[in-house]
Protein chains: 2
Amino acid sequence: MDRQIIAKRIRAIRREMTKKRISCLILTKPANVTYATGFFGDDSWAAIAKARTYLLTDSRYTEQARKECPQCPIVERTGSMADAVAKLAAKLKSVRTITVEKSVSLADFEALKKHVKTRLRSAADIIEKTRSLKHPAEVAAIKASASIAAKALRQTLGHIKPGMTEIELAGMLDFQIRKSAAANSFDTIVAFGPNASRPHHQPGRKKLKQKDTVLIDFGAKYKGYCSDITRCFVLGPMTALYRKVFDVVERAQAAAIKAISPGVKLTQVDAAAREVIRSSGLPVYGHGTGHGLGLEIHELPFLKADGKGKLKAGQVITIEPGIYIPGKLGVRIEDDVLVTETGSRILTRRCPHSPFLANSSR
Amino acid sequence: MDRQIIAKRIRAIRREMTKKRISCLILTKPANVTYATGFFGDDSWAAIAKARTYLLTDSRYTEQARKECPQCPIVERTGSMADAVAKLAAKLKSVRTITVEKSVSLADFEALKKHVKTRLRSAADIIEKTRSLKHPAEVAAIKASASIAAKALRQTLGHIKPGMTEIELAGMLDFQIRKSAAANSFDTIVAFGPNASRPHHQPGRKKLKQKDTVLIDFGAKYKGYCSDITRCFVLGPMTALYRKVFDVVERAQAAAIKAISPGVKLTQVDAAAREVIRSSGLPVYGHGTGHGLGLEIHELPFLKADGKGKLKAGQVITIEPGIYIPGKLGVRIEDDVLVTETGSRILTRRCPHSPFLANSSR
């Protein structure tokens, strides 16, 4: 991300900080550190103070940090992170209270309490709230990531054949993603037949059979931004049950997407999908209907039955209802959707939709 | 892992708990949950009480949990994790204090304080200490993971040629790992030429040139267990500087491995490697000399200049000194080593060692 975008983010974060009377905020979550500094390394924290944003890292990352966040003074620590924060706090004389992200571990927070002389507080979701509203450059990055994922799936579908294992299929898809200079946004899920009834199935050595079904839940991470897509396929003709389930999930997803608009309650979108499934008499899924995505694969907002808040223009969310019948089947369909000023725009349109492999592989 | 191994682990953990007067321990770190229950899913906690170990999960994982940890009563939560712990705590009437792992986030700990009526405490490293001593079955799993990584590297080396990008090379290696039904233990690092001076370089679109050098830091994860290996290669003949650096790093690593024995201070092993580099006049690395590995890629013990404690038989650690000259080169050599009763055993012997590609690819 370029310097101007980072500067804009910092201004938005500072406005949130001012509202909450926070003068210095310590970021400990990697995605938040990346968001506020542009730094993509690990094991590093950031401190947003009045005038500047500091990056606290160690010698493994100093060279990368200088390159990725030239605007940040870099604090190269040799001791513990708590010690580095204490030293920085001692320098920032006008800061009377230091606020730490609540996502910090209890161990780290206790170490900070021990080392830092300045008063400590904690706060949740300051950066996460700012991050949930995407800049057009971020939407473009998510879309690019979705296009890479779609291309990888298209290239993989033609190679699906009986005898291959879930792991092989996942590996093939991941390799296609890598060829586009992207990474996986999470461990690819490939589930054959009844394995798909476990929403978070881990690919195994199960071999694909004639007439089997395939669920693929995957995503690319490109320039830091994630996509997240689920598709279901049949090798042979569909059974009557699978056809019914697939149709109901498709309609549930369409109903939820139709419900998306700025100002709409998160629970309303969630309920729109569930209602279609409930009225069909099929079992309603136990997971959420969707989640925000961006630098993290799961971020604000979360669309759940007990979710709080409303959709805002600029958010990017997944919509992923499913139906699971243990021992028999699982179907989930998932797309990534931008909340626009007037409704929504699907960012994953390019990804094959048809469950019939012969048609969908081209 | 089979039931008897899990039962043995629980007995070892309970001994630690008794020493620390802990009657009920809440595990929140995924690797610790896996260790104590056998469950490999995400978003789940465990509670080790007097008689039983409970798994707290949600409907996405119930089916998997029943299969992977038949010995655990499963608490299927529909609300928050804090709420699930509160309900369980209310049932466990003899428990007067609940202890939570310090790796819990501050947000989760505060939610627990709000919901749970029982008194709360926190403790660090109870499971981590137990985990650092590996059962022979765990050593075998790490060795199997190392063999998969070695095989993947051998299969990849023959394909290294000028014009390919760091990302492509990483993708090729990852695909080979996948073909062995394993996953990556972390994101593969491939660094060409001077990029290797950044110890945690992220593979990019840089193309390999004639006479270039290649650093590869990677590992497999097989049946939950990690391996971690770094190798360096040259495409053409070695420059005099690279030869000197490579030789010093090799000697530094050998010195550290030679120092390994039960009862030896962690700092002694660390110092053994650093001393070889220091006396050569080359720059001493800023990272640690090694770390434990197992269910996590980085776990106890940590071999650093300021590390505390001594090596114990049954620990598996990496030894990975390096020399980094920004703008010029980076060399790191890393192997996985078991601390035995009498000294050490290298688990990554099968992985190609020679820096010359023509020789090392077979």
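Lettering of chains follows the sequences in order, A, B, ..., and the numbering in each one begins at 1.
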Are a donor atom and an acceptor atom from the side chains of A:Tyr324 and A:His287 found within less than 3.5 Å of each other?
yes
Are A:Arg332 and A:Asp217 within salt-bridge range, i.e. N to O under 4.0 Å?
yes
Quick check on the interface: out of A:Gln202, A:Glu168, A:Lys179, who has the most heavy-atom pairs with chain B under 4.5 Å?
A:Gln202
Between A:Glu110 and chain B, which part of the residue has a heavy atom less than 4.5 Å away: side chain, backbone, both or neither?
side chain
Measure A:Ala170 against the heavy atoms of chain B and call it side chain, backbone, both or neither at under 4.5 Å.
both
Is any NZ, NE, NH1 or NH2 atom of the basic residue among B:Arg178 and A:Asp174 found under 4.0 Å from an Asp or Glu carboxylate oxygen of the other?
yes
Contact class of B:Ser197 relative to chain A, heavy atoms under 4.5 angstrom:
both
Should the heavy atoms of other residues, nucleotides or ligands under 6.0 Å from CZ of B:Arg121 be counted, would the total exceed 12?
yes
A:Gln64 and its side-chain hydrogen bond (donor to acceptor under 3.5 Å, both in side chains) partner, picked from A:Arg60, A:Lys67, A:Glu68:
A:Glu68
Check whether A:Thr28 gets within reach of chain B through its side chain, its backbone, both or neither, counting any heavy atom under 4.5 Å.
neither
Hey, could you give me the CG/CG distance between A:Leu25 and A:Asn32, rounded to the nearest 0.5 Å?
8.5 Å
Looking at chain A, which one of B:Ala107, B:Gly79, B:Gly286 has the largest number of heavy-atom pairs inside 4.5 Å, strictly under?
B:Ala107
Is the number of heavy atoms from other residues, nucleotides or ligands within 6.0 Å of NZ (B:Lys129) greater than 12?
no
Heavy-atom pair count under 4.5 Å with chain B, highest-scoring of A:Met172, A:His201, A:Arg205
A:Arg205
Which atoms of A:Glu166 approach chain B - backbone, side chain, both or neither, heavy atom under 4.5 Å
neither
Quick check on A:Ser180 against chain B: is it the side chain, the backbone, both or neither that has a heavy atom closer than 4.5 Å?
backbone
Bottom line for A:Ala181: the part with an atom under 4.5 Å from chain B's heavy atoms is both
Between B:Lys29 and B:Glu101, does at least one N-O distance fall below 4.0 Å, as a salt bridge requires?
no
Which residue out of A:Ile167, A:Asp58, A:Asn184 racks up the most heavy-atom pairs below 4.5 Å with chain B?
A:Ile167
Top of A:Ser103, A:Gly41, A:Ser105 for chain B proximity - count of heavy-atom pairs under 4.5 angstrom
A:Ser105
